[in-house]
Amino acid sequence: MVPDHFQVIDFNKKLKSWYLKNHRPLLWRQTTDPYKIWLSEIILQQTRVAHGTPYYEKFLHHYPTVFDLANADERDVLRLWQGLGYYSRARNMHFTARQIVNEYGGRFPETAAKLSKLKGLGNYTAAAIASFAFGEAVAAIDGNVYRVMSRIFGIQSDMLSNEGKKEFAALAKELVSHEDPATYNQAMIEFGAIQCVPVSPDCSVCPFNDICYAYAFKMQNQLPVKSKKGAVKKRFFNYFIIQKGEKLALRERTAKDIWKGLYDFFLVESAKPLVSPEDFAGYKTLNELSQTGIIREIPKEYIHVLSHQKLHVHFWWITVPLEKSPDLPENLAFYSKEEVEELPKPILIDTVLKEVHYL
DNA sequence: AATTCGTGGTA
DNA sequence: TTACCAAGAAT
C-alpha cells in the first residue's frame with residue numbers, strides 16, 4: 001500500500017515530466033497498432049533493447065500485419081527469430097497470430113484480462129498492450145518497474161515470489177495514472193531502464209531522490225530482493241555432422257528440452273566427454289555410421305552457456321561416399337546447403353557451420 | 001512453487 | 001572466471 005504521506009498525483013506528474021524530457025525514441029513507441037506493440041513486447045521479454053531492435057525491424061518487414069504472420073510457416077518464423085533465444089516465444093507468438101486471425105477476425109482483444117488468456121501473454125505483456133494500444137488503466141509491471149517501486153518504497157519482499165508479486169501489484173494498482181496510463185507505464189519502464197538502473201545508479205540526478213527509501217538508506221544495490229537462481233547443470237553433447245556430397249543430415253528437435261523446434265545434427269549425449277573411438281563402443285548406430293564413411297574430429301571443445309545449463313560440445317564430421325545410403329537414425333534427413341541455411345538452428349550450430357566454412 | 005526456457009554484454 | 005543482468009511466461 002502507498003504510505004499516507006506519499007503524493008500519487010505529484011509522483012505521476014514528475015514521472016511524466018521526466019519521461020517527456022528523457023525517453024529514447026524507440027520505434028514501437030511511435031504507434032498504437034496492437035500488432036506492432038505485441039511484437040515488440042514479445043521480442044523484448046528478457047531481452048535487451050539493443051539486441052531486440054534489429055529483430056523487430058526484420059519481423060515487421062517480413063510480416064507487416066498479423067495476417068502475414070499467421071500465414072507464415074512456423075519454421076520460417078523460428079528462422080527469423082534465430083539468435084534471440086527463448087524460442088517458445090516465437091512458437092507461441094505464431095500460434096497466437098493464427099488464433100487472432102481465425103477466432104478474432106484479426107483484431108486483438110482490448111483488455112488485459114482477455115489478452116492474458118492468449119499464449120505467450122502473461123500479466124506484464126497483457127497490461128502493456130492493453131495500456132499502450134487501448135488506453136486501459138492497468139499497471140504493466142516488468143523487471144524495471146519492480147526495481148523502481150522496490151527502491152522508492154523500500155519493499156524488501158522477494159519480487160519473484162508469489163507473495164512479493166501480490167504486494168507489488170497492489171502498490172502498482174494505486175500508482176497507475178487513470179488520466180494517461182500508456183505514458184505512465186512507458187515512463188515507469190523507461191525510468192527503470194535508463195535512470196534507476198540495476199547497478200550503481202546515479203541518484204544525484206534522480207527526480208525522486210528526495211522521497212526514495214533506497215537512496216535515504218543507501219540501499220540502491222540491495223534492492224530489489226530477488227531469489228537466487230538454481231545451479232547450472234553440465235551436459236556433454238557429441239554432435240556427428242553427416243555429410244553426403246553437399247548435403248548435411250539434420251533433424252528437428254521435438255523433445256521437451258532446449259531448442260525445441262530448431263534443427264541440429266545427430267546427437268549423442270554422454271555423462272562424460274567422449275574422447276577416443278573406444279568411447280563410441282556402446283553406441284551401435286554410431287559405429288555403423290563411422291564404418292560407412294570417413295570420420296574426423298573437429299579438435300575443439302565448444303562451451304555453450306544457457307541460463308541453466310553449461311554445454312560441453314564436441315563435433316565429429318562423417319563424410320559418406322555418394323554411392324552409399326546409410327540408414328539415418330532418428331528423424332534425420334539430408335538437406336542441401338541452401339536448405340540448411342534456411343532452417344532455424346541454435347546459434348551454436350550456426351557458428352560451427354560458419355567456422356568450417358560450410359555456410 | 002520451483003524450474004526451465006537463450007543469448008550476449010558487463011563488472 | 002564467475003556472477004549477474006535484460007520490457008517474462010509456461011509448466
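Every chain is numbered from 1, with letters handed out A, B, ... down the list of sequences.
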How is [X] classified with respect to the nucleic acid when contacts are heavy atoms under 4.0 Å: base, sugar-phosphate, or nothing?
| X | result |
| --- | --- |
| A/Thr125 | sugar-phosphate |
| A/Ile189 | base |
| A/Lys260 | nothing |
| A/Val199 | nothing |

*What about A/Phe315 and A/Tyr302, are their ring centers closer than 6.0 Å?*
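So the answer is yes for these two rings.
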*Answer with yes or no after comparing the ring centroid distance for A/Phe59 and A/Trp81 against a 6.0 Å cut-off, counting only values under it.*
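A/Phe59 vs A/Trp81: aromatic centres under 6.0 Å.
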In whole Å, what is the span from the [atom1] atom of [X] to the [atom2] atom of [N]?
| X | N | atom1 | atom2 | result |
| --- | --- | --- | --- | --- |
| A/His51 | C/dC5 | NE2 | P | 19 Å |
| A/Gln220 | C/dC5 | CD | P | 15 Å |
| A/Gln309 | B/dC5 | CD | C1' | 9 Å |
| A/Leu306 | B/dG6 | CG | P | 6 Å |
| A/Lys310 | B/dG6 | NZ | C1' | 16 Å |
| A/Leu44 | C/dA9 | CG | C1' | 15 Å |
| A/Trp81 | B/dG6 | CH2 | P | 12 Å |
| A/Met93 | C/dA9 | CE | P | 15 Å |

*Give a yes/no answer on whether the side chain of A/Gln45 brings an N or O atom under 4.0 Å of OP1 or OP2 in C/dG8.*
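A/Gln45 to C/dG8 OP1/OP2: no side-chain N or O under 4.0 Å.
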_Any side-chain N or O of A/Ser307 below 4.0 angstrom from OP1/OP2 of B/dT7?_
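No, no such contact exists.
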*Check the angle between the aromatic planes of A/Phe265 and A/Tyr239 and answer parallel, tilted or perpendicular using the 30° and 60° thresholds.*
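Plane angle over 60°, so perpendicular.
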*A/Arg79 with A/Glu341: basic N within carboxylate O range, under 4.0 Å*: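 A/Glu341 and A/Arg79: salt-bridged.
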*Which value, in whole Å, describes the distance between the C1' atoms of nucleotides C/dA7 and B/dT3?*
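Between the two C1' atoms, the distance is 22 Å.
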*Nearest-Å distance once atom C1' is located in both C/dA9 and B/dA1*: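 It comes out at 15 Å once rounded to the nearest Å.
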What nucleotide, of [options], holds the atom closest to the side chain of [X]?
| X | options | value |
| --- | --- | --- |
| A/Arg29 | B/dG6, B/dA1, C/dA7 | C/dA7 |
| A/Arg89 | B/dC5, C/dA7, B/dG6 | B/dG6 |
| A/Tyr124 | B/dC5, C/dG8, B/dA1 | C/dG8 |
| A/His308 | B/dG6, C/dG8, B/dT4 | B/dT4 |
| A/Tyr87 | B/dG9, C/dA7, B/dG6 | B/dG6 |
| A/Lys233 | B/dT4, B/dG6, B/dG8 | B/dT4 |

Donor-acceptor pairs under 3.5 angstrom involving side-chain atoms of residues 118-127 of chain A: please list them, not counting sequence neighbours.
from: A/Tyr124; atom 1: OH; to: A/Glu41; atom 2: OE1; distance (Å): 2.8
from: A/Thr125; atom 1: OG1; to: A/Gln45; atom 2: NE2; distance (Å): 3.0

*Starting at the 5' end of DNA chain C and moving along, which residue's nearest nucleotide shows up first, A/Leu26 or A/Asn92?*
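Going by which nucleotide is closer to the 5' end, it is A/Leu26.
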*Identify, between A/Phe132 and A/Leu121, the residue whose nearest nucleotide on DNA chain C lies closer to the 5' end.*
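Closer to the 5' end of DNA chain C: A/Phe132.
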*asked:* I want to check a possible cation-pi pair here: A/Lys337 against A/Tyr358, using under 6.0 Å from ring centre and within 45° of the ring axis as the test.
replied: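 Yes, A/Lys337 sits over the ring of A/Tyr358.
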*Identify, between A/Ala231 and A/Lys345, the residue whose nearest nucleotide on DNA chain B lies closer to the 5' end.*
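Nearest-nucleotide comparison on DNA chain B picks A/Ala231.
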*Which comes earlier along DNA chain B counting from the 5' end, the contact point of A/Asn162 or that of A/His304, where each point is its nearest nucleotide?*
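That would be A/Asn162.
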